[in-house]
There are 2 protein chains.
Amino acid sequence: MPSIPSSILNLMDNYLPAQFQALGDRTRFAVVERLLNGPASVSELAKPHDMALPAFTKHLGVLERSGLITSTKAGRVRTCAINPKAFTDIEQWFLDRRAHWDSRLNRLAQHLSETDGD
Amino acid sequence: MPSIPSSILNLMDNYLPAQFQALGDRTRFAVVERLLNGPASVSELAKPHDMALPAFTKHLGVLERSGLITSTKAGRVRTCAINPKAFTDIEQWFLDRRAHWDSRLNRLAQHLSETDGD
DNA sequence: AAATAACTTAACCAATCAGCTAAGTTTCTG
DNA sequence: CAGAAACTTAGCTGATTGGTTAAGTTATTT
């Protein structure tokens with residue numbers, strides 16, 4: 001059974017560290033929180049941040065390359081929006097790890113209670 | 001003994017960008033995934049990573065300063081463990097934002113249906 | 001007591017990052 | 001069509017990051 005080469009899968013694969021790194025900057029984190037209220041243009045998003053536009057648009061580039069946001073240009077205005085799937089994926093990672101973590105603790109507790117009287 | 005005001009502690013506390021940044025590196029991300037299986041010593045954690053120990057312990061420093069992990073030294077062995085509260089806090093951020101996001105979409109849908117016949 | 005194990009500290013280096021200014025492009029407005 | 005608005009591209013810079021080696025410290029083993 002021929003399968004998709006892992007080189008391609010790896011590209012498709014949502015790589016969480018890239019998304020965490022994107023969120024790991026005050027400015028980008030604030031942009032994401034803003035966009036959770038709905039889409040906005042570049043200049044609208046930039047307004048609260050005390051920096052020149054080129055610096056700011058680099059941040060948007062990082063967010064977009066990580067997959068956390070999307071953007072489309074209409075006329076001279078670029079509009080940015082949250083990519084909900086990226087958030088669902090990260091959320092899922094936390095849910096999975098929590099489930100794993102909890103079951104580990106349960107096994108531990110089980111083991112401790114079973115060996116209690118030894 | 002003068003102490004750090006709680007107002008400042010609260011600001012330091014739970015500063016998500018720092019935690020995201022800590023997770024935004026392959027090595028540190030892998031360490032966290034490993035620690036979700038249970039505590040481990042520094043050299044145990046370092047083994048799978050092809051780098052000298054000083055480089056590796058810097059990563060542990062970043063993780064610990066962010067609050068994602070804790071460590072204690074017994075004899076010459078430092079043992080690292082997950083700090084579950086940090087994970088709960090991040091998880092909570094995602095749950096909160098999702099709730100907010102969903103209610104925004106609901107309001108939007110509501111609005112669209114109410115103005116449907118205009 | 002000497003050797004080894006498990007880090008730790010210090011000093012350095014290359015690469016990436018976050019910012020800047022200046023100049024360019026495209027699209028709207030008057 | 002001239003000018004302004006909304007980015008975009010290019011090139012520079014200082015700070016931070018992720019790595020290195022060499023040498024030190026502290027605890028255990030033999």
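Quick note on labels: first sequence line is chain A, next is B, and so on, each numbered from 1.
Side-chain polar atoms of B/Q110 and B/N106 form no donor-acceptor pair below 3.5 angstrom.
Figure legend: cation-pi geometry between B/R104 and B/W101, with NZ or CZ positioned under 6.0 Å from the six-membered ring centre and within 45° of its axis.
Atom-to-atom distance recorded for A/L16:CG and A/L23:CG is 10.5 Å, nearest 0.5 angstrom.
In the hydrophobic clustering of this structure, A/V77 does not group with A/V42; members are Ile, Leu, Val, Met, Phe, Trp, Tyr whose side-chain heavy atoms approach within less than 4.5 Å, directly or through other members.
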Checklist entry - Which is it for A/E44 and A/T79 under the side chain to side chain contact (heavy atoms under 4.5 Å, CB included) test, yes or no, and what are the steps along the way? => result CA-CA 9 Å; A/E44 234 178 299; A/T79 299; over 6 Å; no
Item to check | Step-by-step side chain to side chain contact (heavy atoms under 4.5 Å, CB included) determination, A/M51 to A/T27 | outcome: CA-CA 10 Å; A/M51 74 180 65; A/T27 301; 3.6 Å; yes
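By the neighbour-count criterion of 12 heavy atoms within 6.0 Å, atom CZ of A/R26 is sparsely surrounded, having that number or fewer from other residues, nucleotides or ligands.
Taking a 4.0 Å limit (strictly below) on heavy-atom distances, residues 31-49 of chain B does not reach DNA chain D anywhere.
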Next on the checklist: Counting primed atoms plus P, OP1 and OP2 as sugar-phosphate and everything else as base, spell out the protein contacts along nucleotides 16-27 of chain C at 4.0 Å heavy-atom distance: B, S or - for each nucleotide, 5' to 3'.
Outcome noted: -SSBBBB----B
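Chain B approaches DNA chain D within less than 4.0 angstrom (heavy atoms of the protein), and the contacting nucleotides run 5' to 3' from D/dT17 to D/dT28.
Under the 4.5 Å side-chain criterion, counting only non-hydrogen atoms from C-beta, A/N37 is in contact with B/H100.
Relative ring orientation between A/W93 and B/F87 is described as tilted, the plane-to-plane angle lying within the 30° to 60° band.
Each of B/T70, B/T72, B/L35 was compared with B/C80 under the side-chain contact (heavy atoms from CB on, under 4.5 Å) criterion, and only B/L35 meets it.
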